[in-house]
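Shown next, in structure tokens, is the structure this report addresses.
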Amino acid sequence: MRRAFLIAALIATPVLAKTAAPDWLAIPQRAESDIKLDEGRKPIETLTFLGIKKGDAALDFEAGGGYYTEIMARAVGPKGTVTAWLATQFAGDAKGKAKWAGILSRTPNVHVLEQPFEEFQAPANSYDFALFHLSYHDAYWTSAEYKVKQQDPDQLVRKIYASMKPGGIVGVVDHVGPAGDTREVVDKLHRIDPAVVKADFLRGGFKLVGESRHLRVATDDHTKLVFDPAVRGKTDRFVFKFMKPRK
């Protein structure tokens, strides 16, 4: 029995070494507001599960304030690149622009691509890795206030598919929502039924190659708006790993 235990320990040792936490969060001058989000978002676990690699050409879709852009830039290393895709409708106020200026000054492998919210475009076979972090549900969202026009989610997925290299990975992290009319659910709650996301990406030609539960929260009320103080930052979230098949 002791021998079996020692063998098991020896087998486990290299696995532990390989999964030692990388230093992707050790970013000088990183915003305190971003650091406070780390505990709930678990970016190291998320990106490790999704398989981002050094040297990747990566896309951070609807990058917002650059939370994941900056971490991804560390993960892909100086030989990799990160495209932070931003919707022109949300170009940001002076504070947001100052934050982006700081990110770009300390991450030379990042560049920003601004396009209208519903008009994502990228050259074919551009990316090894892409991330939709709490943003895919917006493919079903419209807003007169923010000048967001209705778009076709299938068309967006087809564009993402074309922009990925064969074997490229797309990670989708989003708030779990109830079943029902997807546009109504998104407009009301900013959540999405995981089954809808799976169906959209499978229909678009991707393969589902992984699913993680490390961001699931059993106590979350799926009928609450994600900005409700009772659940904000503590929502139940799914993590899907899709791959563009190699030809």
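What you see below is based on every heavy atom in this structure, not just the backbone, and it leaves out hydrogens, waters and symmetry mates.
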Under 3.5 Å, is there a donor-acceptor pair between the side chain of [X] and the main chain of [Y]?
X: D56; Y: A58; answer: no
X: N109; Y: A73; answer: yes
X: D34; Y: A31; answer: no
X: T107; Y: V110; answer: no
X: D60; Y: T69; answer: yes
X: R106; Y: G102; answer: yes
X: D128; Y: A57; answer: yes
X: D181; Y: E184; answer: yes
X: Q89; Y: V148; answer: no

Is the shortest side-chain heavy-atom distance between [X] and [Y] below 4.5 Å?
X: R30; Y: Y67; answer: yes
X: P153; Y: V196; answer: no
X: T46; Y: F49; answer: no
X: K53; Y: F129; answer: no
X: F61; Y: F120; answer: yes
X: T182; Y: D193; answer: no
X: L47; Y: Y68; answer: yes
X: F132; Y: E62; answer: no

Hey, any chance [X] and [Y] share a hydrophobic cluster, counting ILVMFWY side chains that come within less than 4.5 Å of each other, even indirectly?
X: I44; Y: V239; answer: yes
X: V197; Y: L202; answer: yes
X: F240; Y: V170; answer: yes
X: V176; Y: L50; answer: no
X: I169; Y: L131; answer: yes

Next on the checklist: Using the rule given for side chain to side chain contact (heavy atoms under 4.5 Å, CB included), can you reason through H111 versus T83, listing the C-alpha separation, both sets of side-chain angles and the distance that settles it, and then say yes or no?
Outcome noted: CA-CA 5 Å; H111 73 275; T83 299; 2.9 Å; yes
Determine the minimum heavy-atom distance between [X] and [Y], stating which atoms define it.
X: D200; Y: V157; answer: O-CG1, 3.8 Å
X: K244; Y: F206; answer: N-CD2, 3.7 Å
X: L215; Y: R41; answer: CD2-O, 3.6 Å
X: I52; Y: A75; answer: CG2-CB, 3.8 Å
X: L156; Y: A139; answer: CD2-CB, 3.8 Å
X: R183; Y: Y140; answer: NH1-O, 3.4 Å

Checklist entry - Aromatic ring centroids of F201 and Y136 under 6.0 Å? => result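 Judged by ring-centre distance (under 6.0 Å), F201 and Y136 do meet the cut-off.
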Atom pair [atom1]/[atom2] of [X] and [Y] - distance to nearest 0.5 Å:
X: F117; Y: L86; atom1: CZ; atom2: CG; answer: 11.5 Å
X: L59; Y: M72; atom1: CG; atom2: CE; answer: 7.0 Å
X: D138; Y: E118; atom1: CG; atom2: CD; answer: 12.0 Å
X: R216; Y: R237; atom1: CZ; atom2: CZ; answer: 10.5 Å
X: I192; Y: F238; atom1: CD1; atom2: CZ; answer: 6.0 Å
X: L104; Y: E70; atom1: CG; atom2: CD; answer: 9.5 Å

Checklist entry - Under 30°, 30 to 60°, or over 60°: which ring-plane class applies to F90 and W141, parallel, tilted or perpendicular? => result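 Rings of F90 and W141: parallel, under 30°.
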Could you list the donor-acceptor pairs under 3.5 angstrom formed by side chains in residues 227-235, with sequence neighbours left out?
{"from": "D228", "atom 1": "OD1", "to": "A230", "atom 2": "N", "distance (Å)": "2.8"}
{"from": "T235", "atom 1": "OG1", "to": "H175", "atom 2": "ND1", "distance (Å)": "2.8"}

Checklist outcome for this item: With R191 as partner, the option from T223, D174, D220 fulfilling side chain to side chain donor-acceptor pair (under 3.5 Å) is D220
Checklist entry - Above 12 or not: heavy atoms from other molecules or residues under 6.0 Å from NZ of K224? => result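 No - once you tally the heavy atoms of other residues, nucleotides and ligands closer than 6.0 Å, there are 12 at most.
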